[in-house]
Amino acid sequence: MSHVTMTTDKDCLFLFGGDAPWSAKAWTASDDRVRGGKSQSYLDCPSEGGGKAVFHGTLDITALGGAGFASQRTVDDRAPPQPQQHWDLSAYDGVRLKVLRQGGDGKKYTLTLKDEEVYKRPDGRDQSTISWEYDFVSPTEGDGSGKDGDDQVLYVPWADFKPTYRGKPKPDAPGLDLANVRRISLMMRSFFGQQEGAFRLEVAYIAAVKNSSSKAARPASVASSSSSTGYPEKGGNGGVRSEPKSWLTWMCGIFK
């Protein structure tokens, strides 16, 4: 199975959704049960190859003393010694993510990238590697806020992805290797006991784009939630932010 080569317009590369229809087969659970927790996550597509994905489950923080996480990540479709899959996103300036308001719960989620191959330890768990993370708050159905009508479209420049290692900030990490992105994941976690229980997030698409547009800007609340982590302002891609240009990335816009 391959879900890596997915091209559309030169200014927009749909990774999931849009011209690269969602498939639950491209994702797998990576929950805290590998560490003795009880959280569970799922990624459903209402119809295989459909236009959206539903990330949902239950975050249990009792088993790990207030901690916990539930996540869905892209599968590794090649077994060692063959090299794992990768996306070359070096020609793009960031990620555009469209989150649907339908069923939204207003909780904080994390979009994560990895640029290293991940192998299994002898105990069956994944080896620890650096993760590049961006936190965002999902829209709440019917609250009247958000972007793009009833939904929310986020633009995340590469510099806003912050490096972590085993859940802790890693400010001395080398820059994100955009030519070699190995995994993409969606995560729900407790943020030190701040949230737990059932969660639900509907995503229309995840796309790499060359520039942001006025209809895909970061809401102030999302920017604040990321900067409050205490991570340095400079991040991957040499800490260079891609400034929006005067023209729109129209190809992504047609799916709003």
Can you find a side-chain donor-acceptor pair between Gln195 and Ser190 that sits under 3.5 Å? no
Angle class for the Trp158/Phe161 ring planes (parallel below 30°, perpendicular above 60°, tilted otherwise)? tilted
Would you please name every residue forming a ring pair (Phe, Tyr, Trp, His ring centres under 6.0 Å) with Phe199, sequence neighbours left out? Phe55
Taking all non-hydrogen atoms of both residues, which atom of Ala173 and which atom of Pro163 are closest, and how far apart? CB-CB, 3.7 Å
Would you please test Gln40 and Arg33 for side chain to side chain contact (heavy atoms under 4.5 Å, CB included) and show each step? CA-CA 8 Å; Gln40 297 186 61; Arg33 287 175 291 174; 3.9 Å; yes
Could you name each residue pair satisfying ring pair (Phe, Tyr, Trp, His ring centres under 6.0 Å) that touches residues 24-45, not counting sequence neighbours? Phe16-Trp27, Trp22-Trp27, Tyr42-His56
Does the side chain of Leu113 come within less than 4.5 Å of Ile184's, by heavy atoms? yes
Please check this pair: side chain of Glu116 against backbone of Ile130, looking for a donor-acceptor N/O pair closer than 3.5 Å. yes
With the side chain counted from C-beta on, respond yes when Phe136 and Val99 share a heavy-atom pair under 4.5 Å apart, and no when they do not. yes
When you compare the side chain of Val181 with that of His86, does any pair of heavy atoms fall below 4.5 Å? no
Going through the checks in order, is the side chain to side chain contact (heavy atoms under 4.5 Å, CB included) test met by Leu186 and Val203? CA-CA 10 Å; Leu186 293 167; Val203 183; 4.3 Å; yes
CZ (Arg101) and CD (Gln152) are apart, to the nearest 0.5 Å, by 7.0 Å
Report whether Trp132 and Trp87 are members of the same hydrophobic cluster (ILVMFWY, side-chain heavy atoms less than 4.5 Å apart, transitive linking). yes
Determine whether a donor-acceptor pair (N or O, by modelled atom type, separation under 3.5 Å) exists between the side chain of Asp32 and the backbone of Ser39. yes
Residues Asp105 and Thr140: side-chain donor-acceptor under 3.5 angstrom: no
Distance-only, no hydrogens or angles: does the Asp44 side chain make a donor-acceptor pair with backbone N or O of Pro46 under 3.5 Å? no
Members sharing Phe69's hydrophobic cluster (side chains within less than 4.5 Å): Met187
Let me check something: do Ile206 and Leu178 share a hydrophobic cluster, defined by ILVMFWY side-chain heavy atoms less than 4.5 Å apart, either directly or through other members? yes
Regarding Glu133 and Thr164, is there a side-chain donor-to-acceptor distance under 3.5 Å anywhere? yes
Is it true that a side-chain atom of Asp31 and a backbone atom of Lys38 form a donor plus acceptor pair closer than 3.5 Å? no
Do you know the tightest heavy-atom contact between Thr112 and Ser131? CG2-CB, 3.7 Å
If you apply the rule side chain to side chain contact (heavy atoms under 4.5 Å, CB included), what do you find for Asp11 with Val209, and how did you get there? CA-CA 6 Å; Asp11 298 321; Val209 293; over 6 Å; no
When rounded to the nearest 0.5 Å, the distance separating NZ of Lys170 from CG of Asp172 is 4.0 Å
To the nearest 0.5 Å, what is the distance between CG on Leu154 and CG on Asp160? 11.0 Å
Can you check whether Phe191 reaches Ile61 side chain to side chain, under 4.5 Å on heavy atoms? no
Any donor-acceptor pair under 3.5 Å linking the side-chain atoms of Ser138 with those of Lys107? no
Keeping the roles fixed (side chain from Ser41, backbone from Ala29), state whether a donor-acceptor pair exists under 3.5 Å. no
Minimum heavy-atom distance between Arg183 and Thr74, given as atom pair plus value: CA-OG1, 3.5 Å
Using the rule given for side chain to side chain contact (heavy atoms under 4.5 Å, CB included), can you reason through Tyr205 versus Arg96, listing the C-alpha separation, both sets of side-chain angles and the distance that settles it, and then say yes or no? CA-CA 8 Å; Tyr205 63 73; Arg96 178 175 287 179; 3.2 Å; yes
Please round to the nearest 0.5 Å and tell me the distance separating atom OG1 of Thr58 and atom CE of Met188. 10.5 Å
Salt bridge (charged side-chain N to carboxylate O under 4.0 Å, His left out) partner of Asp135, chosen from Lys162, Lys108, Arg189: Arg189
Taking all atoms of both residues into account, what is the closest heavy-atom pair of Tyr155 and Gly94, and its distance? OH-N, 4.0 Å
Between Ala208 and Leu89, what is the shortest heavy-atom contact and its length? CB-CD2, 4.0 Å
Evaluate the side-chain proximity of Leu97 to Val153: yes if any heavy-atom separation is below 4.5 Å, no if none is. no
Using every non-hydrogen atom in the two residues, find where Leu43 and Ala53 come nearest and quote the distance to one decimal. CD2-CB, 3.9 Å
